[in-house]
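Computed over heavy atoms, backbone and side chain alike; hydrogens, waters and symmetry mates excluded.
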Amino acid sequence: MTEKDVISRGQQYIMNTYGRFPLVPVKGKGSYIWDINGKQYLDFVGGIAVCILGHSNNELNQVLKEQAQTLWHVSNLYWIEPQVAAAEKLATATGMDKVFFCNSGAEANEAAIKLARKYFYRQNENKYEIITFKKSFHGRTMAAVTATGQDKYHEGFAPLPGGFSYAEFNNLDSVKEVINENTCAIMVEPIQGEGGIQPADPVFLNGLRKLCDQEGIFLIFDEVQCGMGRTGQLFAWQDYVVKPDIFTTAKGLGGGIPIGAMIATEKAASGFAPGDHASTFGGNPLATAVASKVLDIVSDNTFLDNVKAMGEYLYQALKKIGDRRIVDVRGKGLMLGMEFNTPVKELIEICIQKGLLLVGAGTNVVRFVPPLTINETEVNQAVNILKEALREWKNGLS
Ligand SMILES: Cc1ncc(COP(=O)(O)O)c(C=O)c1O
């Protein structure tokens with residue numbers, strides 16, 4: 001098939017839910033992908049913060065191949081060796097106790113919401129409300145999209161599940177205004193991703209922890225995007241030194257294999273008993289064998305130190321770009337955002353034409369979530385392409 005064939009047949013047969021760029025990637029290696037015409041791109045999107053070890057990583061390929069030749073899937077009617085290994089690694093690296101595996105970020109958040117509610121139901125307490133934040137993003141299933149504090153994702157899907165209220169991110173007073181005797185949990189991204197790469201203020205996260213302790217309710221962190229080494233810690237909350245009762249992750253956990261996880265303390269996890277929640281595919285041997293290897297690689301301090309160093313290197317390089325349309329550069333580790341005073345779609349298109357893949361976060365923010373394995377040469381290449389693209393981009397100059 002030619003590029004034109006793939007796109008036109010895709011438009012005919014694939015449901016129209018994505019605004020896609022006219023690009024057909026067919027191969028990836030390390031920080032690069034190649035399209036169907038053989039053109040090379042430096043990938044600073046990494047499948048939207050998923051391919052944390054780059055494309056076609058040799059160690060992951062090896063594990064995948066071995067597991068594929070051994071056992072793919074059996075269901076959770078049985079004990080699964082790689083699932084147990086991955087759970088143990090997640091629990092010991094975080095000081096948490098129990099893990100539930102699923103297949104995506106939205107599902108992990110659904111599981112967290114259900115666990116919080118079920119826990120208080122079992123305690124005979126009338127607590128079911130979840131407080132989330134404006135500009136948050138928690139996924140597209142009905143509860144996760146309701147938890148998402150952005151009206152545009154709710155439009156047309158009413159009636160939405162009840163029991164959600166929204167506070168202002170980084171504003172503890174606004175949380176105190178909505179908290180009440182029915183609140184069972186506060187759910188927050190330590191660094192808002194889709195909402196424009198906004199790190200939580202440490203005082204705010206600490207304040208949420210204190211508030212949850214005072215009220216006897218759960219603090220849930222959504223680390224679907226900011227977790228798995230992205231910030232230079234295995235999970236962003238470890239950097240804030242604010243421990244949740246429940247947290248979720250997905251994206252980078254499988255390095256490209258679909259998998260999500262909801263991780264909880266013993267106390268919170270006691271909310272679920274057999275039959276309360278399930279997933280046919282959740283934690284299957286193929287996905288967890290890969291995730292287990294990803295965890296080995298990413299948990300290593302040398303690996304994490306390199307993420308911090310590359311994050312700082314990229315941040316400094318971005319800060320140095322002198323363009324009066326740039327409003328802010330922010331983020332943590334290799335989760336950075338560059339905010340402009342105008343929409344960035346066209347800038348991203350120019351970068352793609354020039355061989356650099358970037359993605360937006362909201363309308364005015366360019367997001368940088370490259371593989372965590374990038375090096376200085378690749379960062380320099382990305383920044384040079386971005387500078388060239390900025391020279392060509394006319395928006396917001398007049
Ligand atoms: C913070 C956060 N939570 C949840 C999700 C949803 O994850 P998924 O698309 O795997 O369902 C995303 C996806 O971008 C996310 O960034």
Side-chain angles (χ1 to χ4, degrees), residues 49-50 52 76 80 82-119 130 132 138-139 143-144 147 184-191 193 205 208-209 212 217-231 233-255 257-273 276-279 281-284 287-299 304:
V50 167
I52 55 175
N76 288 297
I80 296 166
Q83 183 183 117
V84 174
E88 186 175 352
K89 286 171 194 175
L90 274 170
T92 48
T94 58
M96 301 291 276
D97 300 306
K98 295 274 199 277
V99 182
F100 174 85
F101 285 108
C102 51
N103 314 285
S104 68
E107 260 187 87
N109 288 332
E110 290 278 332
I113 292 163
K114 286 179 74 178
L115 179 63
R117 288 189 174 171
K118 197 80 189 221
Y119 175 88
I130 318 264
T132 65
H138 299 293
C184 71
I186 298 174
M187 180 154 105
V188 63
E189 295 157 83
I191 301 170
L205 275 202
L208 290 182
R209 178 68 275 173
C212 287
I217 61 172
F218 292 141
L219 181 59
I220 305 172
F221 286 155
D222 177 345
E223 293 238 6
V224 168
Q225 187 160 163
C226 66
M228 288 306 295
R230 176 100 359 233
T231 60
Q233 286 283 347
L234 187 56
F235 292 100
W237 63 259
Q238 294 174 305
D239 205 24
Y240 283 95
V241 204
V242 178
K243 195 176 172 189
D245 302 286
I246 302 169
F247 76 94
T248 58
T249 192
K251 288 189 181 282
L253 178 59
I257 287 282
I259 181 167
M262 186 265 289
I263 301 106
T265 59
E266 191 78 54
K267 178 182 164 186
S270 71
F272 275 168
D276 279 343
H277 195 53
S279 161
F281 291 121
N284 91 355
T288 45
V290 176
S292 193
K293 188 69 190 176
V294 173
L295 282 163
D296 285 342
I297 298 170
V298 175
S299 304
L304 292 170

(message) Can you classify the ring geometry of Phe272 versus Phe100 as parallel (below 30°), tilted (30 to 60°) or perpendicular (above 60°)?
(response)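 Because their plane-to-plane angle is over 60°, the rings of Phe272 and Phe100 count as perpendicular.
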
Taking all non-hydrogen atoms of both residues into account, name the closest pair between [X] and [Y] and its distance.
X: Pro190; Y: Phe221; answer: CG-CG, 3.9 Å
X: Ala144; Y: His138; answer: CB-O, 3.2 Å
X: Phe281; Y: Asn103; answer: CB-OD1, 3.2 Å
X: Cys102; Y: Ala261; answer: SG-N, 4.0 Å

Would you indicate whether the side-chain heavy atoms of [Y] and [X] approach each other to under 4.5 Å?
X: Met228; Y: Val294; result: yes
X: Leu115; Y: His277; result: no
X: Thr231; Y: Ile191; result: yes
X: Val188; Y: Leu208; result: yes

(request) Please lay out, stage by stage, how Tyr119 and Lys267 fare under the test side-chain contact (heavy atoms from CB on, under 4.5 Å). (result) CA-CA 9 Å; Tyr119 175 88; Lys267 178 182 164 186; 3.1 Å; yes

(message) Just to verify, what does Tyr240 make a ring pair (Phe, Tyr, Trp, His ring centres under 6.0 Å) with, not counting sequence neighbours?
(response)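 Ring pair (Phe, Tyr, Trp, His ring centres under 6.0 Å) list for Tyr240, sorted by chain: empty.
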
(message) If the condition is side chain to side chain donor-acceptor pair (under 3.5 Å), which residues does Ser104 pass it with, not counting sequence neighbours?
(response)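 Checked Ser104 against side chain to side chain donor-acceptor pair (under 3.5 Å); zero matches.
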
(request) Sequence neighbours left out, what passes side chain to side chain donor-acceptor pair (under 3.5 Å) with Gln225? Give chain and number order. (result)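 By the side chain to side chain donor-acceptor pair (under 3.5 Å) rule, Gln225 matches Glu194, Arg367.
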
(request) Name all pairs fulfilling the salt bridge (Lys or Arg N to Asp or Glu O under 4.0 Å) condition that reach into residues 92-107, sequence neighbours left out, sorted by first residue then second. (result)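 Applying salt bridge (Lys or Arg N to Asp or Glu O under 4.0 Å) to every pair that reaches into residues 92-107, excluding sequence neighbours, yields Lys98-Glu266.
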
(request) Hey, could you give me each pair passing salt bridge (Lys or Arg N to Asp or Glu O under 4.0 Å) that has a residue in residues 290-299? Not counting sequence neighbours. (result)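 The answer is Glu59-Lys293, Lys89-Asp296.
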
(request) Test Val298 against Leu234 for side-chain contact (heavy atoms from CB on, under 4.5 Å), laying out the working first. (result) CA-CA 7 Å; Val298 175; Leu234 187 56; 3.7 Å; yes

Nearest-0.5 Å distance, [atom1] of residue [X] to [atom2] of residue [Y]:
X: Ile217; Y: Cys184; atom1: CD1; atom2: SG; value: 7.5 Å
X: Ile220; Y: Ile130; atom1: CD1; atom2: CD1; value: 5.0 Å
X: Gln238; Y: Leu304; atom1: CD; atom2: CG; value: 9.0 Å
X: Ile113; Y: Met262; atom1: CD1; atom2: CE; value: 10.5 Å
X: Ile297; Y: Ile52; atom1: CD1; atom2: CD1; value: 8.5 Å

(request) Say whether, by atom type as modelled, one donor and one acceptor occur between the side chain of Glu110 and the main chain of Lys114 under 3.5 angstrom. (result)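 Not a single qualifying donor-acceptor pair exists.
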
(request) Output all residues satisfying side chain to side chain contact (heavy atoms under 4.5 Å, CB included) with Gln83, sequence neighbours left out; order by chain, then residue number. (result)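 By the side chain to side chain contact (heavy atoms under 4.5 Å, CB included) rule, Gln83 matches Asn76, Ile80, Phe101, Thr288.
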
(message) Please enumerate all residues that pass salt bridge (Lys or Arg N to Asp or Glu O under 4.0 Å) together with Lys118, with sequence neighbours excluded.
(response)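 Only Asp276 meet the salt bridge (Lys or Arg N to Asp or Glu O under 4.0 Å) criterion with Lys118.
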
(message) Set out, in order, the CA-CA distance, both residues' side-chain angles and the distance that settles side-chain contact (heavy atoms from CB on, under 4.5 Å) for Met96 and Lys243, then state yes or no.
(response) CA-CA 9 Å; Met96 301 291 276; Lys243 195 176 172 189; 3.5 Å; yes

Donor-acceptor pairs under 3.5 Å, side chain of residues 245-254 to any protein atom, not counting sequence neighbours: which ones?
from	atom 1	to	atom 2	distance (Å)
Asp245	OD2	Arg209	NH1	3.2
Asp245	OD2	Arg209	NH2	3.0
Asp245	OD2	Leu219	N	2.7
Thr248	OG1	Asn109	OD1	2.8
Thr249	OG1	Glu223	O	3.2
Lys251	NZ	Ile48	O	3.1

